[in-house]
Amino acid sequence: MKNSRKALSLIAVLALAGCGAVNSPGADENPVESEDKSPLAEYMGEGFSSSSGGMVRMTRAVGGPESSEEQLAKQRKMEDATAACMKAAGFEYVAVPPEANPKSKFNDAFDLPPDKFAEQYGYGISTIDWSKPDEDSDPNAKIRSALSPAAQKAYDKALNGELATSGGAIQAAPADGKRPALKDLGCRGKASEEVYGKSDDKLADFSKFESLFKDLEALRKRIDSDQRVVEATSAWADCMADAGHSGFTKVDDPRNQISSKLDELTGTKKPKKDGPSVVIGAPSLDKVDAAKLADLRKTEIELAKADQGCKAKTYDAPYKQASTEHEKEFVEQHKAELEQYRDTMAER
C-alpha cells in the first residue's frame, strides 16, 4: 500500500460493494502456495504475498479459500436481496450462490507457473482485456451485455447507484478518504446494508486500523532498506541491463512502465494525490490503436520474461529471506492488532 489512507479507502469501498462488485485486473482466487505465504497472510489474507514487484498476483483480500456457513449464508442473502431489488427496478438479475464458484475465463492463465505466465502474458497488463465480462461464468454479465448501451447505463445505476460507472465497475473513495453521503446506493449497496450493516458502521470499523496500516507501510520501508534487499535490487538491475533493459532501479519499475504506457494508449488519467474518485475497473481496449497495442504487448512480454528471469536469479531468494524475518518480528509485535483486523474482516 502507498499510504494508510488510500488503503483504508480501498478496503472500505470493497466492503461496501460486496463480493464480485469490482473488476480487478490480476484478481485470482487460487490460494498462494504455502511455501510462498507471508507470515502476515494468516491475518491480512491469502493474497498478502511477501513478493515485491514483478509477477505479483492478488488472491482473496482477506481469509482463505474456505468460508464459514455463516458467511456463505450472508452471501446468499445478499444475492437474493440484490435480485429482488433489481426485479423491482425492472431488470433481471440472477442470484448466484457462493457455492457455485464458477471458473473464471482467466483461471487457466493464473494456473501457469510464473515463467510460463510471463512467456504468454507478460504481466497480464496489456495482454489480457480485463474489461470484457466473463459471460461464460457470470450470468449477469451475459444479461447486461444483451442490453442496449442506454439500458446498460440504467442497469448499472440500478445495481450500483451513484457508484456506477459506464463500464459496470464501481468508484472507489476519493484519495483524501472523504466522500459526500450517497443518496442512492443501488441494489447492491442496499442489499449490503441489509445483510452487513450501514456503510458508516463499516468505515468506523476500518478507521480503527489506520495505525496498523501505517505500521505496515513502515514495515515495507524497512524491508526495502534491508541491506540484503538493497544488494539484491542492484544485482537485479544489472541483470536487466545485461538483458537489454537498462535504466530500472526499482523492481516495480518494469511493471509500472508498461502500466503507464497502457494508460497513454487508453487515455486513462491517474488521479492526483488529493484528486477526485478513482475508478476500480479495467479500461476497455476496444478503441485502442491495434498496431500500437500489439507493439506494447510484444514489449510487455519481452520485458516480463527478462524481469522474471532476473528476479529468480538474483532477487527472489534474498528478498524472501529478509521479508520473512521482518514480517515474523512484526507479527510478534502486533499480534493483538492483527488478530483484531483478521476477525473484523471475517465478519464482513
(request) Check the pair Arg228, Asp226 against salt bridge (Lys or Arg N to Asp or Glu O under 4.0 Å), reporting the backbone distance first and the verdict last. (result) CA-CA 5 Å; Arg228 291 166 292 184; Asp226 186 290; 2.9 Å; yes
(request) Using the side chain to side chain contact (heavy atoms under 4.5 Å, CB included) rule, take Phe110 and Tyr121 through it: C-alpha gap first, then chi angles, then the decisive distance, then the call. (result) CA-CA 10 Å; Phe110 288 129; Tyr121 301 102; over 6 Å; no
(request) Would you sort out whether Thr233 and Val230 count as a side chain to side chain contact (heavy atoms under 4.5 Å, CB included), showing the intermediate values? (result) CA-CA 5 Å; Thr233 302; Val230 172; 5.9 Å; no
(request) Please lay out, stage by stage, how Asp224 and Lys250 fare under the test salt bridge (Lys or Arg N to Asp or Glu O under 4.0 Å). (result) CA-CA 10 Å; Asp224 287 346; Lys250 299 179 180 179; over 6 Å; no
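Using a 4.5 Å cut-off on side-chain heavy atoms (C-beta onward), Trp236 and Lys311 make contact. Between Lys208 and Gln340, the closest side-chain pair of non-hydrogen atoms falls below 4.5 Å. Looking at heavy atoms from C-beta onward, Phe91 lies out of side-chain contact with Leu159 at the 4.5 angstrom threshold. Looking at Tyr43 and Leu212, their side chains never come closer than 4.5 Å, going by heavy atoms from C-beta outward. Here the side chains of Leu40 and Leu219 are in contact, with some heavy-atom distance below 4.5 Å. In this structure, the side chains of Arg188 and Tyr93 come closer than 4.5 Å at one or more pairs of heavy atoms. Residues Glu194 and Lys77 are in side-chain contact: their nearest non-hydrogen atoms beyond the backbone lie under 4.5 Å apart. Glu42 has its side chain out of reach of Leu338: every pair of non-hydrogen atoms, C-beta onward, lies at least 4.5 Å apart.
Formation of a donor-acceptor pair under 3.5 Å by the Ser145 side chain with backbone atoms of Lys142 is found in this model. With hydrogens and angles disregarded, a donor-acceptor distance shorter than 3.5 Å links the side chain of Arg297 to the backbone of Ser126. Counting only distance, with no hydrogens or angles, the side chain of Ser259 and the backbone of Arg255 share no donor-acceptor pair below 3.5 Å. Side-chain N or O atoms of Asn140 include one that pairs as donor or acceptor with a backbone N or O of Val94 at under 3.5 Å. Ser323 contributes a side-chain N or O that, together with a main-chain N or O of Lys320, makes up a donor-acceptor pair within less than 3.5 Å. Checked by atom type and distance alone, the side chain of Ser234 never pairs as donor or acceptor with a backbone atom of Glu231 at under 3.5 Å. With hydrogens and angles disregarded, no donor-acceptor distance shorter than 3.5 Å links the side chain of Asp307 to the backbone of Leu303.
Hydrophobic clustering of Ile, Leu, Val, Met, Phe, Trp and Tyr side chains at less than 4.5 Å, counting indirect connections, unites Val229 with Val251. Transitive grouping of hydrophobic side chains (ILVMFWY, heavy atoms separated by less than 4.5 Å) keeps Ile301 and Leu293 in distinct clusters. Follow the hydrophobic side-chain contacts under 4.5 Å out from Ile128 and you reach Leu112 in the same cluster.
Pro254 and Tyr123 make their closest contact through CB-OH, 3.2 Å (heavy atoms, listed as atom of the first residue, atom of the second, distance). Shortest non-hydrogen contact noted between Pro114 and Gln308 is CB-NE2, 3.5 Å. Across all non-hydrogen atoms, the minimal contact from Phe117 to Gly124 is CE2-N, 3.9 Å. Between Ala95 and Pro97, the shortest heavy-atom distance links the atoms O-CD, 3.4 Å. Between Met44 and Leu216, the shortest heavy-atom contact is CE-CD1, 3.7 Å. The two residues Lys328 and Pro39 make their nearest non-hydrogen contact at CG-CG, 3.9 Å.
Aromatic ring pairs are classed by plane angle as parallel below 30°, tilted from 30° to 60° and perpendicular above 60°; the pair His334 and Phe330 is parallel. A parallel orientation is assigned to the rings of Tyr315 and Tyr319, their planes being inclined by less than 30° (bins at 30° and 60°).
Rounding to the nearest 0.5 angstrom, the gap separating the NZ atom in Lys261 from the CG atom in Asp295 is 10.0 Å. The CG atom of Leu262 lies 7.0 Å from the OG1 atom of Thr268; values are rounded to the nearest 0.5 Å. With values rounded to the nearest 0.5 angstrom, Lys116 atom NZ is found 15.0 Å from Asp111 atom CG. Considering CZ of Arg76 and CG of Asp80, their distance stands at 9.5 Å, rounded to 0.5 Å. For the atom pair Glu300 CD and Gln257 CD, the distance stands at 10.5 Å (nearest 0.5 Å). The NE2 atom of His326 sits 7.5 Å away from atom CZ of Arg222, with the distance rounded to the nearest 0.5 Å.
Side-chain polar atoms of Glu79 and Gln75 form no donor-acceptor pair below 3.5 angstrom.
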Per-pair distances, 0.1 Å, donor-acceptor, side chain in residues 81-88, under 3.5 Å, sequence neighbours excluded:
from: Thr82; atom 1: OG1; to: Met78; atom 2: O; distance (Å): 2.8

Tell me which donor-acceptor pairs under 3.5 Å the side chains of residues 242-249 have, and how far apart each pair is, sequence neighbours excluded?
none

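Taking Asp215 as the reference, nothing meets the salt bridge (Lys or Arg N to Asp or Glu O under 4.0 Å) condition, with sequence neighbours excluded.
No more than 12 heavy atoms of other residues, nucleotides or ligands sit less than 6.0 Å from atom CD of Glu70.
The pair Arg220-Glu217 meets the salt-bridge criterion, with a side-chain N (NZ, NE, NH1 or NH2) lying under 4.0 Å from an Asp/Glu carboxylate O.
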